[in-house]
J.: 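Following this message is one structure expressed as structure tokens.
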Amino acid sequence: MNGSSEYSSATGLRIGIDVGGTNTDAVLMRGKDVLAYSKQATTPDVTSGVSSAIRSVLMQSSQDPAAIGSVMVGTTHFVNAFVQRRDLQEVAIIRVGLPMTSGILPLIDWPEELRDQIGEHIFMVGGGSYYTGQEYTPLDRQAVAKAAQTIAERGLQAVAVSAVFAPIRPDLETAVEQILREELNDIHITLSHQVGGIGLVERENAAIINATLHTLANKVVLALEHAMHALGLDAQLYLTQNDGTLMDTEAARQYPITTCAAGPTNSIRGAAFLTDDQDAIVVDIGGTTTDVGVLSKGFARETSDSFEMGGVRTNFNMPDVVSVGLGGGTVVHRLEAGQVVLGPESVGYKLSEEARVFGGSTLTTSDVAVFRGQLDLGSKALLNDLSVEQSELVARLAHQTVESAVDQLKTSAADIPVILVGGGSVLIDGDLKGASKVVRPEFGTVANAIGAAIAQVGGRVKQLLDYQAEGGRDAAIQKAIQQATENAVAAGAKIETVTVVDIEELPMPYMQTDAMDVRIRVVGDLNL
Amino acid sequence: MRIDNVEIIKDLARGAVLLGTGGGGDPYIGQLLLQQEVREGRSVEVISADSLADDALIVSVAGIGAPTVLVEHLQAKGICQQLLQKMEKQLGQRVDAIIPAEVGGLNSVIPLALGAQVGLPVVDGDGMGRAFPHIEMVTFSVYGNSACPMIIQNELGDTIVIEKASTNRKAEDIARVVAGSLGAMVYSALYPMSGKDAKNKAILGSISYCLEIGRGIRESRAQCTDPFEGLMSLLNRPDLDRYAKILFDGKIVDIQRETRDGWHFATVTMQGLEDSHDEFRLELQNEYLTAQRNGRTVCLVPDLIATLDRETAEPVTAEKLKYGQRLKVIGLSAAAMMRRPECLEVFGPRAFGLTEPFVPLEELSP
């Protein structure tokens, strides 16, 4: 094993892959150089698309598969499965909270069909903490052991554990895990403090979603490993997370939910890599939608607002992204009096059948781009009914759509660099209002796969800290940074490369202490 | 009116965010409490104040404390029921109905969940027709009712009874201190009053109004037209002495926030989407106090100001406002009673340290 990783470090060869809704993109990189890239159709099983993308970059570069050190995959497959209610498994839910919280039981706000699939295996047990970190009542260990028995009797294979103020007292949840491990063999356990922030209902929901995806995550990770093996690769496999960092397959099996928004994050990180900008707005124009996000100090800006996923309110970290219905396949509607409307529907991957330049009957944004000479695709002669006025109108609308999304994400009125990436980025050919410059980097169409290939390893801490009790602000923050660094190293980071990306402090009104909601994020290079 | 299904609960919560006028606490947890009751087969009847006997005993129940604690502790089943029993014991009389202190925000839904739990009706009315940060800022207080005896309890059963307070403002001050030492989130039974008091002193019809607003937004959105058209025709009813205006349509260009003495202060600056010289400004102290367009006041407390997503008309609390957000801001006239001089003294502009005298929304040009 040692020999193999030294070999791969020496060659530095790695493959980054982004599995999108339409395309699976791959890049082969050595150090900072892109050696080959490929776009393949995404397949329902994920793995065949990934296999053909890997095969393609290996062939283009004539590389020996055995020389590849690592493969990094970004995929939204798990979140899609949840949204489409596919491959979900039953989950036991243990909430440590009594005598508090009993007025609102788990799953209360979940759509009926999801409740049916998850089952209603709810165990409410005593325990929990005040915001100060002090327990209001000790953990009811007996109740947990009893729950374990019932879980065994019902043959359940996944458990979601949540505790009141677990972000401050994660030990309340790890104690439950210990008891369960003593009583149950071979059980998946998701602890809420690992997947969500303050807000018991949303954090518990995130834990349940994660637990219900556990079997699918196992299946997909195994399939990816087999596929790599079949291609002759002896590389380390990683999945990319919402924050643009990597996790190994063990962590991916454990926390599939943290991969759900990796796509936009990878585009933002890839854009940063391809340009010199560390602070910019990144516009990723795909086939159907445009994702606009914020590059801040080289990373994707996050949001911790609660949001709905597949009809369930939750609050884990996501990149702060605005999605609008504009892409290369977006349908152009021509109205009377020369007016036009864009989308929101798109022909998506059927562009080469349905677009006018390919003899189809649907006028798309790509057709207009061909008419205007921005794009060389199909037959321009098929567009003779289009007028210059109309095509200019379409271009102006596309620009306005992007400008408006960019403006929504800016934190100040000052102009900021805008980086255009993605397969549909040719649609924007002029300047953009609000942009200090518009950058169109080489390899921008596969920025997402590049973002996966260059992903680092992260660690984070999210806690309510009482500065007084911790010996002042500086001491409290230092301690939290140290904890985050340890987390990063445990996840595979080289300790000497670990740096702090983000320190966020949110004051807690009404509380009579110096309590602050502190979020710290560090990253480091992968220790290959 | 019976509240017995999830759709009506969500409509209520949506309306409560709008009437929360930027603050009042996100009613989401309250909504879930009520959903739990309905799921377990219970429901609550909202009754007109007219149907109350003059000597009936009516009590308010409210949550007081930090939103951050609420979203973790949620609510222990039965805590409000215990408060009610303690109040009955204190007064030696059975409670006949519950009345919300404020219809805006979280405290609109908590009394409804309690009503469902114990099978008591909830009076269609409240003490302000909106949200305010202090317990003395209610019409009941202005017209002579005492907040006391006021009972405060946390989830572990720790209980404080404020038997008497020299003023209702004093009761507020005591409650704040007590809430801190009881875990930063407590529940309170307060403002015991007679049926006659409720009829004469409450803002009547405010729960049905809240529901109407939430439902109106949902329905106009479903009709795929501009949801503001439907909403404004519902809100602006000069025939009922109710006025509403779209005060501004634009985007946020700056937010300054500050937490001072337990208050959330903020100044939100907006600009027109086309005309960046068209400037709009909102001042907030837990709830919105004033709206100014190009330096001219267009709406003043206690008239209501609400911020809504400009596409979906979903009401947005001030906590969630962000730079770049596109909003329509609407102004709503407060209930006529709220605009009387004696009321303005307690929750008019001066009560919040503003020097401008109150001018009704309909008399200010937008």
Side-chain angles (χ1 to χ4, degrees), chain A residues 95 97-109 112 115 124 128-132 134 136-137 162-168 197-204 294 303 305-306 313 315 320 322 404-413 434 464 506-513 515 517, chain B residues 6 10 26 28-40 64-80 113 117 154-157 176-177 179-181 183-185 251-255 257-260 262-264 271 273 276 286 319-320 322-326:
Chain A
R95 185 200 283 171
L98 295 181
M100 304 219 190
T101 79
S102 52
I104 298 171
L105 295 179
L107 300 177
I108 188 67
D109 200 20
E112 281 305 320
R115 289 177 75 115
M124 302 281 285
S129 160
Y130 287 118
Y131 70 90
T132 54
Q134 196 190 350
Y136 51 77
T137 187
S162 60
V164 170
F165 275 118
I168 313 176
I198 293 285
L200 177 64
V201 173
E202 289 93 343
R203 184 175 69 247
E204 180 178 77
V294 182
T303 169
D305 287 355
S306 54
R313 184 147 134 162
N315 73 347
D320 194 359
V322 171
S404 154
V406 165
D407 194 56
Q408 278 178 61
L409 282 165
K410 283 164 65 175
T411 45
S412 80
L464 276 189
L506 301 168
M508 302 276 98
Y510 287 94
M511 292 189 178
Q512 292 185 326
T513 63
D517 185 0
Chain B
V6 173
K10 290 191 172 172
D26 188 336
Y28 181 60
I29 297 296
Q31 174 199 317
L32 294 183
L33 276 171
L34 202 44
Q35 271 178 251
Q36 183 74 45
E37 294 303 321
V38 166
R39 184 157 188 99
E40 289 172 14
I64 304 172
T68 316
V69 176
L70 176 73
V71 297
E72 283 291 325
H73 289 189
L74 310 184
Q75 197 188 79
K77 202 167 185 87
I79 181 171
C80 290
Q117 247 170 53
N154 71 3
E155 322 241 18
L156 301 179
R176 288 230 160 203
V177 174
S181 64
M185 184 69 216
K251 62 167 189 171
I252 297 178
V253 293
D254 188 49
I255 308 177
R257 295 182 195 272
E258 192 187 348
T259 306
R260 203 166 65 227
W263 297 81
H264 174 202
Q271 277 177 2
L273 291 177
S276 63
N286 285 29
E319 244 174 18
K320 301 220 163 130
K322 281 198 227 168
Y323 176 92
Q325 216 167 357
R326 268 96 168 124

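A quick note: this is a predicted structure, and the numbers were derived from the prediction, not measured. Throughout, a chain's letter reflects where its sequence line sits, starting with A, and its residues are numbered from 1.
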J.: Where does Q31(B) contact chain A at under 4.5 Å (heavy atoms): side chain, backbone, both or neither?
T.: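 Just its side chain gets close to chain A.
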
J.: Under a 4.5 Å heavy-atom cut-off, does chain B meet the side chain of T137(A), its backbone, both or neither?
T.: neither

J.: Please flag which part of Q35(B) lies under 4.5 Å from any non-hydrogen atom of chain A: side chain, backbone, both or neither.
T.: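 For Q35(B), the contact with chain A is made by backbone and side chain together.
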
J.: With only heavy atoms counted, which part of I29(B) is less than 4.5 Å from chain A, the side chain, the backbone, both or neither?
T.: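 Both parts, backbone and side chain.
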
J.: Output the distance between atom CD (Q75(B)) and atom CE (M185(B)), rounded to the nearest 0.5 Å.
T.: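 These two atoms lie 8.0 Å from each other.
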
J.: Please look at E202(A) and chain B and tell me whether the side chain, the backbone, both or neither of the residue comes under 4.5 angstrom of a heavy atom of that chain.
T.: side chain

J.: Heavy-atom pairs under 4.5 Å with chain B are the metric here; pick the option from I108(A), V201(A), I198(A), V322(A) that has the most.
T.: I108(A)

J.: Nearest 0.5 Å, please: how far is CZ in R95(A) from CE in M100(A)?
T.: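 If we round to the nearest 0.5 Å, M100(A):CE and R95(A):CZ are 12.5 Å apart.
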
J.: With only heavy atoms counted, which part of Q271(B) is less than 4.5 Å from chain A, the side chain, the backbone, both or neither?
T.: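 Contact with chain A: none, neither part.
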
J.: So which of V164(A), L409(A), D407(A) has the biggest tally of heavy-atom pairs under 4.5 Å with chain B?
T.: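 Looking at each of V164(A), L409(A), D407(A) in turn, D407(A) comes out on top.
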
J.: Measure the CD-OG1 distance between E72(B) and T101(A) for me, rounded to the nearest 0.5 Å.
T.: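 Here the interatomic distance stands at 10.0 Å.
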
J.: Side chain, backbone, both or neither: which part of D320(A) has a non-hydrogen atom closer than 4.5 Å to chain B?
T.: side chain

J.: Select one option (side chain, backbone, both, neither) describing which atoms of L156(B) are under 4.5 Å from chain A's heavy atoms.
T.: side chain

J.: If you measure from CD1 on I104(A) to CZ on R39(B), what distance do you get to the nearest 0.5 Å?
T.: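 Rounded to the nearest 0.5 Å, the CD1-CZ separation comes out at 14.0 Å.
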
J.: Give the C-alpha distance, both sets of side-chain angles, the deciding distance and a yes or no for salt bridge (charged side-chain N to carboxylate O under 4.0 Å, His left out) between K77(B) and E37(B).
T.: CA-CA 10 Å; K77(B) 202 167 185 87; E37(B) 294 303 321; 3.6 Å; yes

J.: Between Y136(A) and H73(B), what is the ring plane arrangement, given parallel below 30°, perpendicular above 60°, and tilted in between?
T.: perpendicular

J.: How many angstroms lie between atom OG of S102(A) and atom CD of E155(B), to the nearest 0.5 angstrom?
T.: 8.0 Å

